Amino acid sequence: MSTAAQLKELLASKIRASLEQAIQDGELRVDELPDIQLESPRDKSHGDFASNIAMVLAKPARMAPRAIAQMIVDRLRDPMIERLDIAGPGFINFSLSHQWLYDLLTLVHDQGSEFGASNDGEGEKVLLEFVSANPVGPMNVVNARAAAVGDTVARLMRAAGYEVGTEYYVNDAGNQAGIFGRSLEARYRQLQGEDIDFPEDGYPGDYVTELAQRLLQEAVPLEDMKPDERETFFKRWGTDRMVEQQQQDLAAYGVTFDVWFRERELHAAGALEEIIELFKSKGYMFEEDGALWFRSTQFGDDKDRVIIKQDGAYTYVTADIAYHYDKLKRGYTKLIDILGPDHHGYIGRMRAAVQALGYSSEAFEVLILQYVALLRNGQQVKMSKRAGEFITMQDLLDEVGKDAARYFFLMRSPESHLDFDLSLAAEQSSENPVFYVQYAHARICSMLRQAGEAGHGVLDTRQAPLDALQRPEELDLIKKMAELPEEIAAAARYREPHRIARYALDFAGLFHSFYTHCRVLGEEPAVRDARLVLVAAVQVVLRRVLDLLGVDAPETM
RNA sequence: GCGCCUGUAGCUCAGGGGAUAGAGCAUCGGACUUCUAAUCCGAGUGCCGCAGGUUCGAUUCCUGCCAGGCGCGCCA
């Protein structure tokens with residue numbers, strides 16, 4: 001039982017053995033053998049697997065690629081290999097007997113919802129931080145994109161053998177949290193009938209007033225507090241409520257975090273002072289213009305960064321350094337931050353900080369998501385924060401639903417600008433790719449239901465007459481399944497969830513094509529039983545893939 | 001000015017050293033007495049932004065340029 005990845009390794013070792021034999025025979029002269037790569041050819045006429053090794057060796061061996069290929073082919077014998085062709089400029093194409101595909105169905109059924117897993121990540125401890133929207137207002141569509149991408153990257157990395165923690169960093173101690181607290185207090189007092197001005201830089205949204213109303217109903221004895229206690233109270237109570245809201249919204253979106261990390265806890269633990277002392281002792285700090293600076297340019301940043309402002313307050317960078325230090329001290333060897341497009345300037349300073357803390361710059365990695373343009377009926381939706389006209393994450397989910405939202409965000413490569421067509425996403429039609437995939441799953445459920453009612457269960461794969469599967473539609477489906485482990489591993493390694501969204505679409509397409517061309521129920525028993533095993537395996541794979549994307553797999557549509 | 005992202009079919013986007021460059025949508029033409037037609041089958045379209053370079057081979061890697069988007073706080 002082998003996946004495509006395992007077979008590639010096997011074939012590579014056979015090629016290597018042939019080459020070594022050729023060297024021994026004195027027919028080939030090279031200093032060393034390069035890595036032997038096998039690929040899954042796009043074009044079916046090129047066999048199951050193909051290698052370009054003859055072309056790679058052409059120069060060092062000073063021989064024609066096709067002659068090298070012939071030399072390899074002459075020495076390659078294996079019962080598994082049905083046909084070997086030399087094609088084009090010197091490709092070696094392998095056509096295998098169908099047995100490996102039948103075996104793969106057994107593997108899929110044995111592994112079930114685990115199918116596709118690998119140990120590509122070798123247990124590397126990765127901390128994935130994403131969204132981390134300030135707890136002072138509703139989340140926006142870039143936050144929604146970050147949530148979908150981050151959550152699916154985490155799922156993919158776990159499937160690919162990484163040890164992943166997910167975190168949401170709550171900026172509940174900074175400037176903006178303070179402004180938010182003052183905004184809330186102002187609304188609260190206005191509701192009590194006081195005639196006071198709303199802070200000039202305050203948050204104008206209705207949600208602040210709604211929170212103030214809620215606080216009023218809770219009848220907290222604020223009169224007994226001193227002014228600074230009141231300020232702390234409003235800030236803390238307000239941001240805590242916002243965090244609760246964010247947690248709810250994200251959970252409804254299928255996104256949960258292992259840890260919600262509060263900035264204020266860093267402050268309370270003295271973590272910022274610790275950083276300052278550490279950097280001072282290492283000579284990375286200097287004073288200028290009444291402020292304390294981190295000489296980040298020493299580590300490749302484009303300018304130095306203020307750590308303590310003239311007014312004695314810390315900057316956000318200080319807390320962020322402390323936070324990342326905390327992550328590193330917890331044993332994570334790779335910190336991945338998923339950030340919005342307005343934060344790319346942040347990479348240099350954090351990378352500098354990580355190095356200053358004594359870690360490799362490679363321990364810190366940033367995935368920058370690009371801008372999301374919302375379209376409705378082909379027109380771009382204009383948003384103005386100042387006028388309070390913007391589409392929140394919640395609006396988006398209300399309009400298109402969780403599954404379409406996640407799928408649309410995951411469809412595109414994370415670092416590409418994204419045109420999100422709200423009209424299309426909300427449409428329950430064939431034009432909407434998410435339904436296309438879900439429909440494949442629903443169709444399978446319906447078939448298996450009817451098969452079961454007719455008394456035809458899915459046989460154990462070892463009992464089923466799988467060699468009845470001979471049609472290209474059947475074999476193509478299985479081949480595609482065989483590629484899932486490498487697809488997941490690649491998607492995890494490059495942090496590219498769109499590979500899986502595309503895989504889902506392609507795989508569903510293969511199934512729909514099979515469905516049209518091959519009947520299951522009503523065929524002669526051997527064909528029926530073999531196809532039922534196949535269809536059940538397709539169901540397993542579709543569920544796996546949809547689960548990785550965080551999209552539901554409905555049984556009926 | 002500097003930095004990040006993006007230029008591939010009419011539109012939205014895949015493909016990131018290899019064999020005739022792909023998908024969806026849109027357009028046109030077919031396929032339901034049979035497991036869900038939310039489906040399938042067929043048809044056309046491309047100086048892969050431009051110019052150099054590396055390579056046996058470049059849409060893919062490197063450099064420069066052009067175009068678009070977004071950043072460049074003692075805000076986060």
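To find a chain, count down the sequence lines: A is the first, B the second, and so on, and within it residues start at 1. Bear in mind that the values here come from a model prediction, so they are computed numbers and not experimental data. Any value given below was found using the heavy atoms of this structure, including those in side chains, with hydrogens, waters and symmetry copies removed.
Side-chain to base pairing of A/His417 with B/C5: one donor and one acceptor N or O lie within less than 3.5 Å of each other. For B/G18, its base sits under 3.5 Å from the side chain of A/Asn52 at one donor and acceptor pair at least. Taking 3.5 Å as the limit, the base of B/A19 and the side chain of A/Asn93 contain a donor-acceptor pair of atoms between them. The base of B/A76 sits with one of its N or O atoms less than 3.5 Å from a complementary donor or acceptor on the side chain of A/His343.
OP1 or OP2 of B/C40 has at least one side-chain nitrogen or oxygen of A/Tyr436 nearer than 4.0 Å. Put simply, A/His512 has no side-chain N or O that comes within less than 4.0 Å of OP1 or OP2 on B/C41. Checking the phosphate oxygens (OP1, OP2) of B/G73, a side-chain nitrogen or oxygen of A/Lys303 falls inside 4.0 Å. The side chain of A/Ser513 contributes an N or O atom lying less than 4.0 Å from OP1 or OP2 of B/C41. For A/Thr315 and B/C75, the shortest distance from a side-chain N or O to OP1 or OP2 is not below 4.0 Å. Side-chain N/O atoms of A/Ser413 include none lying less than 4.0 angstrom from OP1 or OP2 on B/C5.
A salt bridge links A/Glu129 to A/Lys327: one of the charged nitrogens lies within less than 4.0 Å of a carboxylate oxygen. For A/Asp476 and A/Lys44, the salt-bridge test passes: some basic side-chain N is under 4.0 Å from an acidic carboxylate O. Salt-bridge annotation for A/Glu487 and A/Arg502: absent, with no side-chain N of the basic residue lying under 4.0 Å from a carboxylate O of the acidic one.
Note on A/Asp506: nothing from the nucleic acid sits closer than 4.0 angstrom, heavy atoms only. As judged by a 4.0 angstrom heavy-atom cut-off over every strand, A/Ala58 is placed among residues making no nucleic acid contact. Among the heavy atoms of the strands, none lies under 4.0 Å from A/Ala313. When heavy atoms are screened at a 4.0 angstrom cut-off, A/Val56 is found touching base atoms of the nucleic acid. Heavy atoms of A/Ser446 sit under 4.0 angstrom from at least one base atom. At the heavy-atom level, A/Gln176 lies under 4.0 Å from base atoms of the strands shown. Using a 4.0 Å heavy-atom distance criterion, A/Arg531 is classed as making no nucleic acid contact. As judged by a 4.0 angstrom heavy-atom cut-off over every strand, A/Cys518 is placed among the base-contacting residues. Across all strands shown, A/Asp289 has heavy atoms under 4.0 Å from base atoms, whether or not it also approaches the sugar-phosphate.
With hydrogens and angles disregarded, a donor-acceptor distance shorter than 3.5 Å links the side chain of A/Gln438 to the backbone of A/Asp552.
Checked against the 6.0 Å centroid criterion, the rings of A/Phe364 and A/His324 qualify as a close aromatic pair. Between A/Phe49 and A/Phe94, the distance separating the two ring centers is not shorter than 6.0 angstrom. Side-chain rings of A/Phe130 and A/Tyr168 stay apart, their centers remaining 6.0 Å or farther from each other. The distance between the ring centers of A/His512 and A/Tyr436 falls below 6.0 angstrom.
Atom P of B/U59 sits at a distance of 14 Å from the matching atom of B/G16, rounded to the whole Å. B/U20 and B/C28 have their C1' atoms separated by 24 Å, given to the nearest Å.
Across all strands shown, B/G17 forms no Watson-Crick or G-U wobble pair with both key distances under 3.5 Å. B/A67 and B/U6 make up a base pair, with Watson-Crick or G-U wobble contacts both under 3.5 Å. B/C47 makes up no base pair with any nucleotide shown, lacking Watson-Crick or G-U wobble contacts both under 3.5 Å. B/C40 and B/G30 make up a base pair, with Watson-Crick or G-U wobble contacts both under 3.5 Å. The partner of B/C74 cannot be assigned: no Watson-Crick or G-U wobble pair with both contacts below 3.5 Å exists in any strand. Under the Watson-Crick or G-U wobble criterion, with both distances below 3.5 Å, B/U60 is left unpaired in every strand shown. When both distances must be under 3.5 Å, the Watson-Crick or G-U wobble mate of B/U12 is B/A23. Checking B/U54 for Watson-Crick or G-U wobble geometry (two distances, each under 3.5 Å) identifies no partner in any strand.
Per the geometry, CG belonging to A/Leu57 stands 15 Å off C1' belonging to B/G57, to the nearest Å. Rounded to whole Å, atom P of B/U34 lies 10 Å from atom OH of A/Tyr515. Going from atom NE2 of A/His344 over to atom P of B/U6 covers 13 Å, rounded to whole Å. Atom CZ in A/Arg519 sits roughly 15 Å away from atom C1' in B/A31 (whole-Å rounding). Distance A/Arg502 CZ to B/G22 P: 13 Å, rounded to the nearest Å. Rounded to an integer number of Å, the gap from A/Leu422 CG to B/C25 P is 20 Å. In this structure, A/Lys309 places its NZ atom 5 Å from P of B/A76, rounding to the nearest Å. The separation between A/His517 atom NE2 and B/U39 atom P is 15 Å, rounded to whole Å.
Between A/Pro89 and A/Gln450, the residue whose closest nucleotide on RNA chain B is further toward the 5' end is A/Pro89. Where A/Ala291 and A/Arg42 meet RNA chain B, the nucleotide closest to each residue was compared, and A/Arg42 sits on the side nearer the 5' end.
B/C32 takes the syn form, because its glycosidic angle lies no more than 90° either side of 0.
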